[in-house]
Amino acid sequence: MKKIIIIITIVLVAVSCTKTVSKESKETTPPLTSITNADLETAIIYEANIRQYSPEGTFNQFTKDIPKLKKLGVKIIWLMPIFPISKTKSKGSLGSYYAVSDYTKVNPEFGDLTDLKKLIETAHKNNMFVILDWVANHTGWDHIWIKEHPEYYTKNEKGEITHTVGTDWFDVADLNYDNKEMRAEMLADMKYWIKEAAIDGFRCDVAGMVPLDFWEHTVAELKKEKPIFMLAEAWEPELLVHAFDMAYGWDTHHKMNAIAQGKENVKAWDARMEQIDTLYQDDDILMNFVTNHDENSWNGTVKERMGDASEVMLVLSYMTPGMPLIYSGQEYDMNKRLRFFDKDTILKTKGKVWPVLEKLAQLKTTHKALNGGKKAASYHRIKTSDDTHILAFTREKDGDKVTFIANLSDKERTFSIDKEGDGTSFFTTKKIPFSKDKKYTYKAWEYKIIID
């Protein structure tokens, strides 16, 4: 009888311990379900170029580094197209990611579906979301639709399937959105990834070239599966009304390049901020960036385009309303143009940028004043005695206040600023007194972040 009691006791203790561990496990690593508007307020997005991220160019090699990206405050991982690449009319030795030959398969160069699911699961365990790069405007010439459904494609006067007119994208075939059956298949293929791999949304290539009504209907249908995040590679405000959550801040980026190159000054920046207020609604989100895959490969590295202004422009991309982007290799001071159609490799050696990104992540994720989602913090321009070269503004929300002051020129500038009281330097934690009567001298491209 004693043996039975002892055995029962051991079993009960074991069950109790199992329940306790299970409960603690759930509390320490809560399951990540779907992205929320609250997540978007502090989110930093990372563009993952799987092919070039490592010598192996695989999902598994990238997955190993996901915990490192968490240190940079990354909340959303955007995977450049992960689909098989068309070989017909292919460019370079490997072809373009954006010449998709099958929307429901994985590029074997990167791994298999199991590897992709592991990447997504690892991201979720690290409280990150994963979105796929979706190429809805065109397919590669190897896509099965070319043979089975030629009616899905745009045709020229001779009745031949053609590439997207007005572009040099000769490696892809343009899709015909007048065809309702094609639209339905496109929606089904997008749903597949939500159901099969639990992805959290899409970054949609050249979204402005695809009819708006397709996006509005498609996104509504996709959101019946789960709440998802939608990023448009486009600037058009109408895309953000009923379809997308975020668009590209292309013109913001162009102003950064122009100011860094001395072609424009702070007046142009102020005009851009006013333009945003005019074009977009309060809950629209713009993505801010100093580089991305297009900029890096075709227009030059950050150093090539921005030179000595590289760091201040990076900081500005975090301080400006919206969501900042990190492109693969940027965190490692990458100063080369990655080959687009061939294998290349990012050298992962930490330099000056990584610690700056870590500090900016701390700032972005802990201060409501830098909220950049659908309920973004306010942006208030501060007047200075040299508004042509000195940019000063305050972001504020729920009593939290952060000020940015920078000399956006290649010469030392002395100025006064319409600001009173003491602030604390974010980087040095030193007190900084402000007075309208005081003069300040900043070196070329010098900046300060002040916690008020």
For the pair Trp250 and His253, name the ring-plane relationship: parallel under 30°, tilted 30 to 60°, perpendicular over 60°. perpendicular
Within 45 degrees of the ring normal and closer than 6.0 Å to the centroid, is that where the cationic atom of Lys118 sits relative to Phe59? no
Is it the case that the side chain of Lys364 and the backbone of Leu370 share a donor-acceptor pair, with hydrogens and angles ignored and the cut-off at 3.5 Å?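 At least one qualifying donor-acceptor pair exists.
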Any ion pair linking [Y] and [X] (charged N to carboxylate O, less than 4.0 Å)?
{"X": "Asp171", "Y": "Lys89", "result": "no"}
{"X": "Arg413", "Y": "Glu446", "result": "no"}
{"X": "Arg272", "Y": "Asp270", "result": "no"}
{"X": "Asp200", "Y": "Lys75", "result": "no"}
{"X": "Asp344", "Y": "Arg337", "result": "no"}
{"X": "Glu233", "Y": "Arg203", "result": "yes"}

Taking the six-membered ring for Trp, are [X] and [Y] closer than 6.0 Å centroid to centroid?
{"X": "Tyr98", "Y": "His138", "answer": "no"}
{"X": "Tyr192", "Y": "Tyr103", "answer": "no"}
{"X": "Phe110", "Y": "Phe62", "answer": "no"}
{"X": "Trp134", "Y": "Phe83", "answer": "yes"}

Between [X] and [Y], do the side chains contain an N or O donor and an N or O acceptor separated by less than 3.5 Å?
{"X": "Asp65", "Y": "Tyr53", "answer": "yes"}
{"X": "Thr63", "Y": "Asn60", "answer": "no"}
{"X": "Tyr327", "Y": "Glu295", "answer": "no"}

Shortest non-hydrogen pair, Asn49 vs Ser328, comes out as N-OG, 3.0 Å
Could you point out which residue of Met313, His254, Lys267 forms a side chain to side chain contact (heavy atoms under 4.5 Å, CB included) with Ile259?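 Single pass found, and it is Met313.
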What distance separates Phe415 CZ from His389 NE2, expressed to the nearest 0.5 Å?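 Rounded to the nearest 0.5 Å, the CZ-NE2 separation comes to 12.5 Å.
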